[in-house]
Every structure is written in structure tokens, then in C-alpha cells.
Amino acid sequence: MRPSRSRRFVALLAFAACATAQAATVQVTVLARDGQPLADAVVLIEPANATSAPTPAPVQARIDQERMQFAPMLTLVPTGSTLRFTNLDRWEHHVRMLPAAITFSGPGATPTGHELRLAGLAPGQAAPSAEITVREPGAYRLGCHLHGSMRGFVYVTDSPWAARTDADGRITLQGVPEGAARLRIWHGEQLVDEAARSVTLGPVSAFEVGTGIQPRRRR
Ligand SMILES: [Cu+2]
């Protein structure tokens, strides 16, 4: 049934009134190319009417090197945050952090890289650790000069509406302005940028998003 002109007008008024005041709860489930949940993906919501987006406060995040892996594999932090790398292996790691080749951070974003050398953990001593403060938004790749199989990712953002998918491929964001928005997905093992999706956010919105991303099995 087509809404009458007056009913549509009332609906538009209601929408305009709530567009600035109301905040949506958004749940997104991200799927890999094979239809399985995609963990460790970054989901960003870009509301069309986010006139005064609050900038998230920097945090302290810990990234361990343990059994030749970065844990967690993906770290999502606000710009200005500090990453503390802690080596729990008995051997040395020479960590490097470089801008990921493919990002959707856009022109003008020129994130810079970092390197740090961490001695092996000695019995009875504190685990060797060092800090990096991330000042440039963007996607970064973690690696180790000594162990080519080690890989991890850091995503730095100014957006308050960013989240990392859990083992079920799911995120929940609260306080997102209602109305039109763009939904973006990033994953460290994507081969090409995923196209942004246009969505409309109501008070509670849930989306399932299929992608062309197929992560390798973790060694
Ligand atoms: Cu290493």
C-alpha cells in the first residue's frame, strides 16, 4: 500500500526530528567468502548526519608476542593510543609495524612505520616490552624480521563508531546517529578494498554482510 502524501510528510517530519536526537544500536555480522563468520574484521559506520562526532579517547593496548604469534591478531585503537608490545617467548623478536598496502583511509593519509627489538624472556625476569604511540590513523601490518610467519594487524581510527568482529563475526555499536549511513569492512587479509554499503539505521538495526574476504588458516 502506498502511503498518502500527508502520511509521508508526517513520516519525514518524524524522521527529521529524530535524526539529530536519536541514537541507534547497530549489530553487524560479517561473513567470509565461504559464508563462515569473519573474525578480526574492522567494521566502521559512517553516519551521514554525524555533525559532531565525538573523538574517542586514546587507550593503552597490549599486544603479546607468544608462541610466534601476535596476540591479539588485530588491535583496534583510537588515534593517539599506546601499544605495548610484550615478548613472552624465550627468543628475540624484531617487530615491525608498517602501513598496510591496501586501506580505505583515503588520500592524504600517510601513516608511518615503526620498529622495535625485544629480547627473549629470561627465567625469573620481567617480560621485555616496549611501547609505540600511534599518531596516524590507518591500517597497519605487524611482522617480525626474524620470523616470517608472524603476522598481525593494527587499525587506528578517529571514529567512535568502529568495532572489531568477534569469533562469531559480530559487532555491536551503540549511540550511532540514526538515518542514512555508510558501512565499511576492513580485514588484514583482504585482497581488495570492500565496497562501502549504504544502510539506513533505525533505533535497532541488524545487518548481515557477506564479503569476498577469505582469511588464511592461522599457523
Ligand atoms: Cu620474531
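Numbering of residues begins at 1 and proceeds along the displayed sequence. Predicted, not measured: the structure shown is a model, and the values here were computed from it.
The same ILVMFWY cluster, assembled from side-chain heavy atoms under 4.5 Å apart, contains both Val199 and Ile45. There is no path of hydrophobic side-chain contacts, each under 4.5 Å, that joins Met68 to Leu88. There is no path of hydrophobic side-chain contacts, each under 4.5 Å, that joins Leu98 to Leu146.
Annotation for Thr79 and Arg135: closest pair CG2-O, 3.3 Å, computed over non-hydrogen atoms. Considering all non-hydrogen atoms of both residues, Ala32 and Leu38 come closest at N-CB, 3.8 Å. Scanning all heavy atoms of the two residues, the minimum distance from Gly120 to Asn87 falls at CA-ND2, 3.7 Å. When all heavy atoms of Leu201 and Ala24 are compared, the closest pair comes out as CB-CB, 4.1 Å. Met73 and Glu189 make their closest contact through CE-OE2, 4.0 Å (heavy atoms, listed as atom of the first residue, atom of the second, distance). Of all heavy-atom pairs spanning Asp166 and Arg170, the tightest one is OD1-N, 2.9 Å.
One finds the NE2 atom of His94 at 4.5 Å from the NE2 atom of His145 (value rounded to the nearest 0.5 Å). Atom CG of Leu118 sits about 8.5 Å away from atom CZ of Phe85, to the nearest 0.5 Å. One distance of note links NE2 of His93 with CD of Glu66; it measures 9.5 Å at 0.5 Å rounding. From Phe70, atom CZ reaches atom CZ of Phe153 across 10.0 Å, with rounding to the nearest 0.5 Å. Here Gln27 contributes atom CD and Gln174 contributes atom CD; the two are 10.5 Å apart, rounded to the nearest 0.5 Å. Note that SG of Cys144 and CD of Gln69 are 13.0 Å apart. Values are rounded to the nearest 0.5 Å.
In this structure, Trp186 and Leu74 have side chains that are in contact, with non-hydrogen atoms separated by less than 4.5 Å. Inter-residue side-chain proximity for Glu178 and Pro203 is flagged as met; some heavy-atom pair is nearer than 4.5 Å. Inter-residue side-chain proximity for Val59 and Pro78 is flagged as met; some heavy-atom pair is nearer than 4.5 Å. Side-chain contact between Thr165 and Val43 is present, with heavy atoms from C-beta onward closer than 4.5 Å. For the pair Tyr155/Leu44, a side-chain contact is recorded, criterion being any heavy-atom separation below 4.5 Å from C-beta on. Taking 4.5 Å as the limit, every side-chain heavy atom of His147 sits out of range of all side-chain heavy atoms of Gln65. Taking 4.5 Å as the limit, every side-chain heavy atom of Pro56 sits out of range of all side-chain heavy atoms of Trp161. In this structure, Val156 and Val77 have side chains that are in contact, with non-hydrogen atoms separated by less than 4.5 Å.
We find that Glu115 and Arg96 are not joined by a salt bridge, their nearest charged nitrogen and carboxylate oxygen being 4.0 Å or further apart.
Defined by atom type and a distance below 3.5 Å, a donor-acceptor pair is present between the side-chain atoms of Arg182 and Ser198. With 3.5 Å as the limit, one finds no donor-acceptor pair spanning the side chains of Asp158 and Thr55.
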Give the C-alpha distance, both sets of side-chain angles, the deciding distance and a yes or no for side-chain contact (heavy atoms from CB on, under 4.5 Å) between Leu76 and Thr157. CA-CA 8 Å; Leu76 171 67; Thr157 180; 4.0 Å; yes
Test side-chain contact (heavy atoms from CB on, under 4.5 Å) on Arg197 and Ile185; report intermediate values, then the result. CA-CA 9 Å; Arg197 276 103 170 149; Ile185 312 283; 4.3 Å; yes
Under the side-chain contact (heavy atoms from CB on, under 4.5 Å) criterion, do Glu194 and His187 qualify, and how do the steps go? CA-CA 9 Å; Glu194 288 287 314; His187 190 279; over 6 Å; no
Tell me, with the steps shown, if Val154 and Ile63 meet side-chain contact (heavy atoms from CB on, under 4.5 Å). CA-CA 10 Å; Val154 175; Ile63 303 174; 4.0 Å; yes
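Test Thr75, Ile171, Asp40, Val42 against Arg164 for side chain to side chain contact (heavy atoms under 4.5 Å, CB included) and you get one pass: Asp40. Among Val26, Val30, Val209, the one residue that satisfies the side chain to side chain contact (heavy atoms under 4.5 Å, CB included) test with Leu183 is Val209.
A distance-only check finds no donor-acceptor pair linking the side chain of Glu92 to the backbone of Arg117 [under 3.5 Å].
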